[in-house]
Amino acid sequence: MPKIAIIGGTGIYNPDTFELIEKVYPDTPYGKPSDEILIGKIAGVEVAFLHRHGTKIPYPPSSVPYRANMYALKELGCKYVISACAVGSLQRKFASGDLVLVDQFVDFTKKRDYTYFEDSITHIAIPEPFCDYLNGVFAETAKKLGIKFHNGGTYVCIEGPRFSTRAESRMFRQFGDIIGMTVVPECQLARELGMCYCSLATITDYDAWKEETVDIEMVKKTMASCLDKVLRLLEAGLPKIKDRGCSECEKAAKACGALK
């Protein structure tokens with residue numbers, strides 16, 4: 001079974017480079033995942049691909065079945081999770097079109113299912129919520145490919161689906177470098193399951209602080225123009241991911257008793 005999962009949108013699934021083997025749509029204790037999970041190969045590497053927001057039933061950021069998604073991927077044997085997403089920039093040096101390998105987040109969401117441990121007292125340590133190993137693989141790959149990227153950046157996660165007001169955007173600039181709607185609780189659920197997680201975030205806009213009006217068409221247009229480099233990064237980076245045994249991410253889950 002695949003050890004690598006990719007979570008992303010329609011554009012990240014490229015039928016020209018994805019060799020489909022089978023589709024699965026498993027039940028979990030948390031319901032169905034947001035879509036069928038596509039198992040196949042990219043650059044000879046077996047992966048499980050999941051559309052985060054679904055294709056048959058559209059899930060806005062607040063309604064994505066995050067727990068079902070991550071649980072299903074874990075049950076398929078996935079150990080490494082690569083998330084591709086679109087974000088806004090909160091800082092001038094993080095330019096539209098740049099790629100960010102996220103290393104921290106600040107959570108401003110309000111009404112999501114954040115944990116698998118609602119009936120027990122389980123406090124997991126998550127000072128470094130993103131996997132250093134996976135970030136290192138893609139940083140090295142992006143450098144070799146000549147892709148402009150930021151090796152580290154703090155992701156401010158908001159509830160959505162609306163974009164920020166100017167006042168909110170200016171406030172968020174004090175806390176982070178980029179802003180989006182999906183990394184929480186996705187990455188912390190991955191940690192509870194002992195899975196390594198990284199976010200390949202493409203900057204599509206400057207949120208609202210730079211006196212521009214952000215809309216979904218702007219996001220789609222910029223993301224479409226950047227898809228090629230994200231796909232090249234995946235095709236070149238996936239073969240470099242090796243099973244390292246017990247990772248730091250898995251150790252954190254075991255340390256608090258979340259993972260046996």
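Below, each value reflects all heavy atoms present in this structure, side chains not excepted, and no hydrogens, waters or symmetry copies.
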Determine whether a donor-acceptor pair (N or O, by modelled atom type, separation under 3.5 Å) exists between the side chain of [X] and the backbone of [Y].
X    : Y    : result
E159 : K111 : yes
Q91  : G176 : yes
N69  : S34  : yes
S63  : Y59  : no
N14  : D16  : yes
Y133 : I241 : no
D35  : T55  : yes
Y80  : K242 : yes

Does any donor atom in the side chain of Y197 or E186 lie under 3.5 Å from an acceptor atom in the other side chain?
yes
Walk me through it: do E75 and T28 pass the test side-chain contact (heavy atoms from CB on, under 4.5 Å)?
CA-CA 9 Å; E75 288 295 290; T28 80; over 6 Å; no
Are more than 12 heavy atoms from other residues, nucleotides or ligands located less than 6.0 Å from atom NZ of K240?
yes
NZ (K41) with more than 12 external heavy atoms under 6.0 Å:
no
Looking at [atom1] of [X] and [atom2] of [Y], how far apart are the two atoms once the value is rounded to the nearest 0.5 Å?
X    : Y    : atom1 : atom2 : answer
I37  : E22  : CD1   : CD    : 10.5 Å
Q104 : I126 : CD    : CD1   : 9.0 Å
T165 : M171 : OG1   : CE    : 8.0 Å
D205 : K221 : CG    : NZ    : 13.5 Å
E118 : R67  : CD    : CZ    : 4.5 Å
C196 : R191 : SG    : CZ    : 8.0 Å

Does any non-hydrogen side-chain atom of [Y] lie less than 4.5 Å from one of [X]?
X    : Y    : value
C226 : K229 : yes
V156 : I178 : no
T115 : Q188 : no
R170 : S164 : no
C85  : Y155 : yes
S83  : V183 : no
M195 : E250 : no
F130 : L101 : no

Say whether [X] and [Y] are linked into one hydrophobic cluster, either directly or through other cluster members, by side-chain heavy-atom distances under 4.5 angstrom.
X    : Y    : answer
V24  : M70  : yes
I12  : I21  : no
L231 : V45  : no
V137 : L145 : yes

Work out which heavy atom in [X] is nearest to a heavy atom in [Y]; give both atom names and the distance.
X    : Y    : value
Y116 : Y71  : OH-N, 3.2 Å
F163 : M181 : CD2-CE, 4.0 Å
C157 : T182 : SG-N, 3.7 Å
P185 : Y66  : CD-CD1, 3.5 Å
G153 : D177 : CA-OD2, 3.4 Å
V184 : R112 : O-NH1, 2.8 Å

I would like to know whether I6 and L238 meet side-chain contact (heavy atoms from CB on, under 4.5 Å); could you show each step before the answer?
CA-CA 10 Å; I6 300 172; L238 289 174; 4.1 Å; yes
Show the numbers, then the answer: is there a side-chain contact (heavy atoms from CB on, under 4.5 Å) between I42 and I4?
CA-CA 11 Å; I42 298 176; I4 301 173; over 6 Å; no
Centroid-centroid under 6.0 Å between F175 and F108 rings
yes
Are K148 and L99 close enough, and set up right, to give a side-chain contact (heavy atoms from CB on, under 4.5 Å), and what steps lead you there?
CA-CA 6 Å; K148 184 181 178 184; L99 179 76; over 6 Å; no
